[in-house]
Amino acid sequence: MKNSIKHIQKLAFIMALGFLTFSCSQDDDANMDEPQSNVALSATTESSGSSNARMNDRVIVNGFATSQFAVGTKDVEMRYAAKADLLAGISIGNISLRTNVNTSFHNEASKSRNVILVNNGDVRVSTIAEGRSPQGNYTEVNFRLFKKTDGSSNDPMYEKSLWIAGEINGKVSTIWLTTEKMIKARSQNAAGVEVDGDTEMILSFDMDKLFAGIDFNTAVDANGDGRIDIGPNSADGNAAILTRIESNLETAVMLKRK
């Protein structure tokens with residue numbers, strides 16, 4: 001009798017383990033049967049506010065003239081409404097978004113990289129990743145800021161996850177972050193970016209939104225070294241400006257069709 005009970009318990013354990021393995025496999029391969037297309041994701045910056053001016057090829061927003069802008073990215077994951085759900089007539093607002101993990105695009109986008117958005121005052125469009133991803137309407141991109149910790153300390157991005165250089169009232173100025181926080185970028189419109197065939201998308205960092213509510217004329221060079229620093233533990237005492245920039249970052253990044 002005891003042997004029979006042990007045998008039944010053993011069979012139950014094997015069946016449970018098999019079910020768990022099967023369930024995990026289903027999750028891992030959740031989008032493998034969906035039609036896929038070639039997808040490319042790049043990043044750039046923009047500024048369209050009517051208050052903007054230009055000086056020496058640099059865009060000026062709220063008193064800050066940007067000459068360099070770079071951001072570190074990693075763990076980029078895109079979420080989408082599946083094509084099958086859309087064809088079934090389900091409203092995009094009622095569709096449970098899927099994630100494009102375990103695709104060739106996601107594998108490439110997960111890598112850590114430093115992306116140049118502005119160089120010597122010129123706006124750049126820099127590739128983040130390319131690869132195959134499921135067809136559907138992409139409405140959200142989640143990514144983590146990446147702090148570069150290797151290479152030379154002479155690299156402006158060393159130990160930083162976001163770096164902006166320029167001038168405030170003619171004085172050399174630098175803004176930087178070191179945090180590796182998660183950022184959620186939503187699509188420009190509620191319908192998202194449709195992927196049905198080769199598609200190029202772009203993450204746009206809006207400088208008007210990033211610098212919203214900030215008057216850089218209030219930034220100071222407290223230590224008198226001839227430059228205005230706006231960063232963590234800044235000796236120049238511009239912590240309130242940095243806090244506002246970090247808060248604005250949550251809504252300053254948007255997903256668009258390129």
Side-chain angles (χ1 to χ4, degrees), residues 24 27-32 34 36-46 69-83 85-86 92-117 125-149 157 160-164 176-196 199-207 209-210 212 245-258:
C24 291
D27 290 340
D28 290 343
D29 299 332
N31 50 35
M32 294 305 291
E34 296 182 65
Q36 299 192 2
S37 294
N38 293 320
V39 170
L41 180 68
S42 301
T44 191
T45 185
E46 64 179 77
F69 187 178
V71 63
T73 66
K74 66 178 180 179
D75 301 335
V76 179
E77 175 188 341
M78 304 184 76
R79 301 180 67 82
Y80 64 99
K83 184 177 181 179
D85 291 335
L86 293 167
I92 195 166
N94 296 322
I95 293 176
S96 296
L97 297 180
R98 303 188 189 186
T99 176
N100 71 339
V101 296
N102 303 319
T103 61
S104 64
F105 174 89
H106 176 259
N107 293 336
E108 183 66 21
S110 295
K111 297 177 182 178
S112 303
R113 51 178 43 84
N114 287 304
V115 184
I116 306 299
L117 307 179
V125 178
S126 299
T127 300
I128 293 177
E130 298 179 2
R132 302 283 288 177
S133 197
Q135 295 179 4
N137 284 34
Y138 284 69
T139 63
E140 187 178 302
V141 178
N142 299 319
F143 66 94
R144 186 178 298 279
L145 293 179
F146 160 62
K147 181 174 70 172
K148 186 177 183 181
T149 56
M157 277 298 289
K160 301 177 183 69
S161 57
L162 180 146
W163 174 66
I164 305 173
W176 74 93
L177 296 174
T178 58
T179 180
E180 292 195 310
K181 66 188 297 182
M182 288 295 298
I183 303 295
K184 178 183 292 186
R186 300 189 184 278
S187 58
Q188 185 177 26
N189 57 67
V193 177
E194 183 181 6
V195 172
D196 186 5
T199 306
E200 294 185 61
M201 290 182 272
I202 196 159
L203 276 179
S204 179
F205 289 72
D206 188 321
M207 297 197 69
K209 294 180 179 179
L210 185 62
I245 291 172
E246 189 171 1
S247 175
N248 287 345
L249 186 59
E250 298 288 342
T251 55
V253 192
M254 185 171 294
L255 176 67
K256 300 180 177 181
R257 178 180 291 276
K258 185 176 178 181

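- Across Pro134 and Val195, no two heavy atoms sit closer than the pair O-CG1, 4.0 Å.
- When atom types are taken as modelled, the side chain of Arg257 and the backbone of Glu194 share a donor-acceptor pair closer than 3.5 angstrom.
- Distance alone, capped at 3.5 Å, places no donor-acceptor pair between the Ser161 side chain and the Glu180 backbone.
- Tyr80 and Ser133 share no donor-acceptor pair across their side chains, judged by distance under 3.5 Å alone.
- Smallest separation of non-hydrogen atoms from Ala43 and Val115: CB-CG1, 3.8 Å.
- What you find for Met78 and Val141 is that their closest heavy atoms are CE-CG2, 3.7 Å.
- Partners of Ser247 by side chain to side chain contact (heavy atoms under 4.5 Å, CB included), not counting sequence neighbours: none found.
- With sequence neighbours excluded, the residues forming a salt bridge (charged side-chain N to carboxylate O under 4.0 Å, His left out) with Asp85 are Arg98, listed by chain and number.
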Might you work through the side-chain contact (heavy atoms from CB on, under 4.5 Å) test for Phe143 and Val253, ending with a clear yes or no?
CA-CA 11 Å; Phe143 66 94; Val253 192; 4.3 Å; yes
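- Judged purely by atom type and a 3.5 angstrom limit, Ser37 has no side-chain atom pairing as donor or acceptor with the backbone of Gln135.
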Could you walk me through whether Arg132 and Thr103 satisfy the side-chain contact (heavy atoms from CB on, under 4.5 Å) test, starting with their C-alpha distance in whole Å, then the side-chain angles of each, then the deciding distance to 0.1 Å, before giving a yes or no?
CA-CA 6 Å; Arg132 302 283 288 177; Thr103 61; 5.8 Å; no
Should Glu46 and Met254 be marked as a side-chain contact (heavy atoms from CB on, under 4.5 Å) after you check the CA-CA gap, both sets of side-chain angles, and the distance that decides it?
CA-CA 11 Å; Glu46 64 179 77; Met254 185 171 294; over 6 Å; no
Passes side-chain contact (heavy atoms from CB on, under 4.5 Å), Phe105 versus Leu41? Steps please.
CA-CA 9 Å; Phe105 174 89; Leu41 180 68; 3.7 Å; yes
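- A distance-only check finds a donor-acceptor pair linking the side chain of Ser187 to the backbone of Asn189 [under 3.5 Å].
- Contact check for Ile245 versus Ile164: no side-chain heavy atoms found under the 4.5 Å cut-off.
- By the side chain to side chain contact (heavy atoms under 4.5 Å, CB included) test, Asn142 pairs with Arg79, Glu140, Met182, Lys184, sequence neighbours left out.
- Remark: the backbone N or O of Phe205 is paired with a side-chain donor or acceptor of Thr45 at under 3.5 angstrom.
- With hydrogens and angles disregarded, a donor-acceptor distance shorter than 3.5 Å links the side chain of Asn137 to the backbone of Ala191.
- Considering Leu203, Asn100, Ile128 as possible partners of Val76, the one that fulfils the side-chain contact (heavy atoms from CB on, under 4.5 Å) test is Ile128.
- Among all heavy-atom pairs drawn from Ala70 and Ile116, the shortest one is CB-CD1, 3.9 Å.
- For the pair Asn38/Glu130, no side-chain contact is recorded, criterion being any heavy-atom separation below 4.5 Å from C-beta on.
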